[in-house]
Amino acid sequence: MPTMQLKGIIATQMARNGLNMNMHHLFPIPIGMFDLNRELTDEELLFVRGQETRPNEGNVTSTNNFVLRDSVMTSLRGWIEDCVAEYFKAIVNPKHDVHLRITQSWFNYSEQGQWHHKHAHPNSFISGVFYLNTNADDKIYFYRSGWQQIKFPPEEWNLYNSESWWFEAKVGRLILFPSSLEHNVPSVQGEETRISMSFNTFPVGIVGDELSLTGLKLEA
């Protein structure tokens with residue numbers, strides 16, 4: 001199924017029943033993926049595994065809600081910030097001087113049989129999850145928002161008729177997504193503790209435009 005670019009819009013050429021159709025992917029939800037391509041250091045792993053925790057719905061989370069501010073995480077934080085900047089430039093491409101600042105960041109720990117409840121991230125623009133320890137079958141699910149008044153049981157699931165979609169969770173992978181996008185993690189089936197780091201971001205700089213009466217300057 002080849003794809004082509006039409007005036008900035010991705011389209012897919014589809015041939016069905018002798019009819020050729022160009023299907024345009026209008027207003028897609030951007031999911032950004034980056035791979036660290038290096039091993040986590042012993043110091044980083046010791047920091048990750050040595051955190052105090054508190055109960056969460058389905059699993060536990062670190063009591064430290066600003067883990068990326070620790071000096072041990074400086075290298076990893078720098079890489080994540082570069083990824084966030086690249087993602088922000090690709091999907092928003094702002095004309096004014098504005099960037100995303102990482103606000104809170106925390107670790108999630110899920111033992112066998114534990115899960116991460118379905119949720120979104122308020123008071124954040126782009127959120128991310130980075131995987132530090134996983135099992136072979138670990139996944140993260142994202143969900144279509146909005147109520148569907150009419151539902152048709154599909155003969156085959158695709159990007160248009162699916163109500164949810166999953167991506168593989170693997171060590172060293174960073175996934176970025178709009179903070180309003182609901183997501184969850186099913187119960188862990190493997191024997192390894194699934195460890196992930198989640199974080200939120202918020203704009204710093206000039207948001208909107210004064211000429212259109214939407215101007216707003218957000219200080220760091």
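- The closest donor-acceptor contact from the side chain of Asn135 to the backbone of Glu192 lies under 3.5 Å.
- Put simply, the side chain of Glu81 reaches to within 4.5 Å of the side chain of Ile102, judged on heavy atoms.
- The shortest heavy-atom contact between Trp79 and Gly172 is CH2-O, 4.3 Å.
- In this structure, Val84 and Glu86 have side chains that are not in contact, with every pair of non-hydrogen atoms separated by 4.5 Å or more.
- Judged by distance alone, the side chain of Lys217 and the main-chain N or O of Gly215 form no donor-acceptor pair under 3.5 Å.
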Steps toward side chain to side chain contact (heavy atoms under 4.5 Å, CB included) verdict (Trp106, Phe66):
CA-CA 6 Å; Trp106 61 96; Phe66 300 94; over 6 Å; no
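- Annotation: Glu210, atom CD; neighbour count of heavy atoms from other residues, nucleotides and ligands within 6.0 Å does not exceed 12.
- In this structure, Gln149 contributes its side chain and Trp147 its backbone to no donor-acceptor pair below 3.5 Å.
- Classification of Glu163 and Lys151 as a salt-bridged pair holds, one side-chain N sitting under 4.0 Å from a carboxylate O.
- Electrostatic pairing of Arg77 and Asp70 does not count as a salt bridge here, judged by no charged N lying under 4.0 Å from a carboxylate O.
- Val129 and Leu36 are assigned to two separate hydrophobic clusters, defined by single-linkage of ILVMFWY side chains at heavy-atom distances under 4.5 Å.
- Defined by atom type and a distance below 3.5 Å, a donor-acceptor pair is present between the side-chain atoms of Ser187 and Gln189.
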Salt bridge (Lys or Arg N to Asp or Glu O under 4.0 Å) between Glu44 and Arg38, intermediate numbers included
CA-CA 12 Å; Glu44 289 169 339; Arg38 74 163 172 85; 2.9 Å; yes
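- When all heavy atoms are compared, the tightest approach of Leu176 to Cys83 is CD1-O, 3.8 Å.
- Atoms CD and CE, on Glu43 and Met73 in that order, are 10.5 Å from each other to the nearest 0.5 Å.
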Expected list for residues 46-58: side-chain donor-acceptor pairs under 3.5 angstrom, two or more places apart:
| from | atom 1 | to | atom 2 | distance (Å) |
| --- | --- | --- | --- | --- |
| Gln51 | NE2 | Phe47 | O | 3.1 |
| Asn56 | ND2 | Asn59 | OD1 | 3.2 |

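- A distance-only check finds no donor-acceptor pair linking the side chain of Asn161 to the backbone of Glu155 [under 3.5 Å].
- Relative to the six-membered ring of Tyr143, Lys118 meets both conditions, a distance below 6.0 Å and an angle of at most 45° to the axis.
- Two residues are said to be in side-chain contact when any heavy atoms from C-beta on lie closer than 4.5 Å; Val185 and Arg194 meet this criterion.
- Remark: the backbone N or O of Ser179 is not paired with any side-chain donor or acceptor of Ser127 at under 3.5 angstrom.
- With sequence neighbours excluded, no residue forms a ring pair (Phe, Tyr, Trp, His ring centres under 6.0 Å) with His96.
- Counting only distance, with no hydrogens or angles, the side chain of His117 and the backbone of Trp115 share no donor-acceptor pair below 3.5 Å.
- When each of Phe167, Tyr87, Phe142 is tested with Phe177 by the rule ring-ring contact (aromatic ring centres under 6.0 Å, His included), just one qualifies, namely Phe142.
- Hydrophobic cluster membership is shared by Val67 and Ile126, with clusters built from Ile, Leu, Val, Met, Phe, Trp and Tyr side chains linked at under 4.5 angstrom.
- One distance of note links CG of Leu40 with OH of Tyr131; it measures 14.5 Å at 0.5 Å rounding.
- For the pair Leu181/Ser145, no side-chain contact is recorded, criterion being any heavy-atom separation below 4.5 Å from C-beta on.
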Checking Leu100 against Val204 for the side chain to side chain contact (heavy atoms under 4.5 Å, CB included) test, could you report, in this order, the C-alpha distance in whole Å, the side-chain angles of both residues, the deciding distance, and whether it holds?
CA-CA 6 Å; Leu100 297 182; Val204 173; over 6 Å; no
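- Of the possible donor and acceptor atoms, one in the side chain of Thr214 sits under 3.5 Å from a partner among the backbone N and O of Asp209.
- Checked by atom type and distance alone, the side chain of Ser162 never pairs as donor or acceptor with a backbone atom of Trp157 at under 3.5 Å.
- Around atom CD of Gln148, more than 12 heavy atoms belonging to other residues, nucleotides or ligands sit under 6.0 Å away.
- Ile91 and Ile175 fall into different hydrophobic clusters, where Ile, Leu, Val, Met, Phe, Trp and Tyr side chains are chained together by heavy-atom contacts under 4.5 Å.
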Let me see the working for Thr193 and Gln112 under side chain to side chain contact (heavy atoms under 4.5 Å, CB included), right down to the final yes or no.
CA-CA 7 Å; Thr193 300; Gln112 188 176 44; over 6 Å; no
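- Ring centroids of His183 and Tyr141 are separated by 6.0 Å or more, keeping the two rings apart.
- When hydrophobic clusters are built by joining Ile, Leu, Val, Met, Phe, Trp and Tyr residues whose side-chain heavy atoms come closer than 4.5 Å, directly or via intermediates, Ile80 is not grouped with Ile140.
- Not a single donor-acceptor pair under 3.5 Å links the side chain of Tyr109 to the backbone N or O of Ser196.
- Using modelled atom types and a 3.5 Å distance limit, the side chains of His25 and Tyr160 yield a donor-acceptor pair.
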Run Val171 and Leu132 through side chain to side chain contact (heavy atoms under 4.5 Å, CB included) and show every step you take.
CA-CA 5 Å; Val171 173; Leu132 299 126; 6.0 Å; no
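- Counting only N and O atoms by type, the side chains of His121 and Asn200 include a donor and acceptor under 3.5 Å apart.
- Between Asn123 and Phe202 the shortest heavy-atom distance is O-CD1, 3.8 Å.
- One hydrophobic cluster, built from ILVMFWY side chains closer than 4.5 Å, cannot hold both Val188 and Phe107; they sit in different ones.
- Asn108 and Ser198 form a side-chain donor-acceptor contact under 3.5 Å, judged by distance and modelled atom types alone.
- A side-chain donor-acceptor contact under 3.5 Å links Thr74 to the backbone of Ser71.
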